[in-house]
Structure formats: C-alpha cells, structure tokens
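Remarks on the structure that follows.
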Amino acid sequence: MNLLRTLLLQSLFAGTVLAQHTVEVSSFGFSDGVHPTFSFFFEGTDAKYVESYWRDELKKISASVSNKKEVIGHGALVPQVSGDTVRVYVKAEQRKNSPNLTAHVAIMTTAGFVSPTSEAPVFESAKAFVQQRSTAIRRQLAEQELSLAERGLSKLKKELSDLERDKERDEANIEKSKQRAAEAVQDQERTRVEADELGPRITALQSELGTTPDKEGSKELSALIRDKDRAQTQNRKAHEEEVSMNKKVEELTQAIKKNVQDQANKSAEIAKQETLVASLREKLSSIR
C-alpha cells in the first residue's frame, strides 16, 4: 500500500510538471513511413491501454481496424475533417519501464496526411478530433487513479477502525482479567482456611479412631481427607489462575501500547492518503 501511494504521488506530481495537456504537432515513423502526426503525452499508463482505447474508438467509425505494428482505422468517417473517409494511424511510443508515453495520431485524407500545411479548417478540425479523444483518455486515467486512491483510503480507515475495536476489546479483557485475578485471591484465602480447618479435624478423628477404626469412622475420615485434598487442589488452581490473569493483563497492556502507536501511524497514513485523494480530485476536475 505504501508503494502504491508513493507511485501515485510520483505520477501526480510528475504529471503536474511534465504532462502535455494539449495536442502537439509532430511526426512519427509508422510501418509504411514517416508521417506528420498529432501527439499527446500521457502519464501513468502504458501503450497497450492507450492503443486499446483508440482501437475501440476507431471501430465505431471505421469500415475496418487493423492492429499489427500500429492501430489503423480504414475507411473512417470523421466528417469534421473530411467529407470522404479517412485513414487514421495510432501508435503509442513508450520507453522500457517508463510510466509515461507519447501517443501519435496521423490522419490521411484524399489530399494526403493532415499537417500544418493543410487547409486551416481541416488541420484545426483534425487537431480537435485528436484532442477530444486524448482528453477523454486522460480523464479516464484520472478517474481510475482517483478510484484506486479512494479505495486505498477506505481500506486505511477500516484498518484504523479495526485497531480501535481491538483496543476497546483488550481494555475490556484487562478489566475481566483483573476481576478474575481478584476472585482467584479470594478463592485462595477461602480454600486455605478450609484446608487449615480440616487438618486438625482429621488429626483428631484419626486419634479417636485409633488403629482399628470402624466402618462409619473410616468413611467419615475418608470424606474429611477428600475434602482437604479438594480444598488444597482448588487453592493451587487459584494461585495458578492469579498468575495467569496477571500475565494476561501484562500482555494486553503491551498490546494496547503497540495498538496506540499503530493507530498513530495509521492516522498519519490516512492524512497522507486524504491529501492524495484531494489532489487527484482536483486533477480530475481540471480536465476539460
């Protein structure tokens, strides 16, 4: 997630500085030669995405579309450029591992490729045709970028909410553990007293019964010994419970300490992500 936000920020600020938001006149070497083009610079995308967009657009207005070395719309109807059909070439130029690219669009009419030497109305109409679709791609990319950032923000907020719930749960468990530790201390005292009281009674009964106790006496003595053993076992378990609960309180206290720091870190991440989302919203709204 951190890497994703870093990349988004880099893309955003790089785009602010470098992005060419209007069509420029250029030229490009297509498979059948170098032709004058209208170029547009995109940030944060790849050649496949841009060419795919143009291919889909050309399919709407062309008799056929080929997609070998470049995208070509054959017999395309672009009435604002020409009353006859035109041929539209599209190729995205991107360096390896670069997040930016330049898309080149060439338009060939019956009078040849549209260039600055073409009739002014034809040239301006062709330029507007490319500008409109390039702006639409840029808006689509910005929408995707914003959606990704908003999902990231929602995820961070959920993670913070989970941390808050964890802290509340741990605090409640600390209180429960303290209560159980206190009850264990009470059980220790109760069972100690019970065992201490049974000891003299057992000794007295043993003396009274002598070496040949009768059946009833033996039964009573066994019951007293059993009760004392049970009290001593309960006493030992109460000590163990107290130790266990105190240890749990210590562990939960440390968990809460870490949770508080995690919440602070998460809040800082949210603040950065909110700044990113606001910037991307502003970027999107500026695309006309």
Could you tell me which residues satisfy salt bridge (charged side-chain N to carboxylate O under 4.0 Å, His left out) with [X], sequence neighbours excluded, listed by chain and number?
| X | answer |
| --- | --- |
| Asp56 | none |
| Glu70 | none |
| Glu194 | Arg190 |

So, [X] side chain and [Y] main chain: donor-acceptor pair closer than 3.5 Å or not?
| X | Y | value |
| --- | --- | --- |
| Glu24 | Ser39 | no |
| Arg180 | Glu241 | no |
| Ser279 | Thr275 | yes |
| Ser207 | Thr203 | yes |
| Thr191 | Gln188 | yes |
| Ser177 | Asn173 | yes |

Quick check for you: to the nearest 0.5 Å, what is the distance between [X] atom [atom1] and [Y] atom [atom2]?
| X | Y | atom1 | atom2 | value |
| --- | --- | --- | --- | --- |
| Ser26 | Phe38 | OG | CZ | 11.0 Å |
| Thr85 | His74 | OG1 | NE2 | 11.5 Å |
| Asp166 | Leu252 | CG | CG | 11.0 Å |
| Lys272 | Ser267 | NZ | OG | 12.5 Å |
| Thr110 | Asp84 | OG1 | CG | 4.5 Å |
| Arg281 | Lys283 | CZ | NZ | 15.0 Å |

Flag yes if more than 12 heavy atoms outside [X] fall under 6.0 Å of its [atom1] atom; otherwise flag no.
| X | atom1 | value |
| --- | --- | --- |
| Glu119 | CD | no |
| Glu282 | CD | no |
| Lys266 | NZ | yes |

Which heavy atom of [X] sits nearest a heavy atom of [Y], and at what distance?
| X | Y | result |
| --- | --- | --- |
| Thr37 | Ser27 | OG1-N, 3.4 Å |
| Gly44 | Asn100 | N-OD1, 3.4 Å |
| Pro116 | Val25 | CG-CG1, 3.6 Å |
| Leu205 | Leu224 | CD2-CD1, 3.8 Å |
| Ile137 | Tyr49 | CG2-CE2, 4.3 Å |
| Thr45 | Gln94 | O-NE2, 3.1 Å |

Query - Pair listing, side-chain hydrogen bond (donor to acceptor under 3.5 Å, both in side chains) test, anchored in residues 246-258, at least two apart - result: Lys258-Asp262
Can you get from [X] to [Y] by hopping between Ile, Leu, Val, Met, Phe, Trp and Tyr side chains that sit under 4.5 Å apart?
| X | Y | value |
| --- | --- | --- |
| Val114 | Phe30 | no |
| Val105 | Val23 | yes |
| Ile72 | Val90 | no |
| Ile202 | Leu209 | yes |
| Ile256 | Leu160 | no |

Closer than 4.0 angstrom, basic N to acidic O: yes or no for [X] and [Y]?
| X | Y | answer |
| --- | --- | --- |
| Arg192 | Glu189 | yes |
| Asp227 | Arg230 | yes |
| Glu51 | Arg55 | no |

Please examine the side chains of [Y] and [X], heavy atoms only from C-beta on, and report whether any two atoms are closer than 4.5 Å.
| X | Y | value |
| --- | --- | --- |
| Lys157 | Glu274 | yes |
| Arg151 | Ser147 | yes |
| Lys167 | Gln263 | yes |
| Leu153 | Leu276 | no |

Requested in this report: Please test Glu216 against Lys219 for salt bridge (Lys or Arg N to Asp or Glu O under 4.0 Å), starting from the C-alpha separation and ending with a verdict.
Outcome: CA-CA 5 Å; Glu216 289 298 321; Lys219 183 177 179 181; 5.4 Å; no
Query - Ring centre gap for Phe40 and Phe42 strictly below 6.0 Å - result: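 Close enough - the centres of the two rings lie under 6.0 Å apart.
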Requested in this report: Please state whether the rings of Tyr89 and Phe113 are parallel, tilted or perpendicular, taking 30° and 60° as the class boundaries.
Outcome: tilted
Query raised in the report: Arg226 and Asp229: side-chain contact (heavy atoms from CB on, under 4.5 Å), yes or no, with the steps?
Result: CA-CA 5 Å; Arg226 186 169 58 252; Asp229 289 343; 5.7 Å; no
Query - CA sep, side-chain torsions, deciding dist, call: Thr102, Phe28, side-chain contact (heavy atoms from CB on, under 4.5 Å) - result: CA-CA 10 Å; Thr102 300; Phe28 186 76; over 6 Å; no
Query raised in the report: If you measure only the distance, is there a donor-acceptor pair under 3.5 Å linking the side chains of Asn265 and Glu269?
Result: no
Requested in this report: Report the residues that fulfil side-chain contact (heavy atoms from CB on, under 4.5 Å) with Ser125, sequence neighbours left out, ordered by chain and then residue number.
Outcome: Gln80, Val81
Query raised in the report: Would Asp187 and Gln234 satisfy side-chain contact (heavy atoms from CB on, under 4.5 Å), going step by step from the backbone distance to the final call?
Result: CA-CA 8 Å; Asp187 288 342; Gln234 291 174 345; over 6 Å; no
Query raised in the report: Stepwise, does the side-chain contact (heavy atoms from CB on, under 4.5 Å) test hold for Met245 with Glu183?
Result: CA-CA 10 Å; Met245 289 301 102; Glu183 291 172 354; over 6 Å; no
Query raised in the report: Of the options Gln132, Gln131, Arg138, which is the one that meets Thr135 in a side-chain hydrogen bond (donor to acceptor under 3.5 Å, both in side chains)?
Result: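 Option passing the side-chain hydrogen bond (donor to acceptor under 3.5 Å, both in side chains) with Thr135: Gln131.
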Query - Any pair counted as ring-ring contact (aromatic ring centres under 6.0 Å, His included), so long as it reaches residues 144-166, sequence neighbours left out - result: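 As it turns out, there is no ring-ring contact (aromatic ring centres under 6.0 Å, His included) pair with a partner in residues 144-166 once direct neighbours are skipped.
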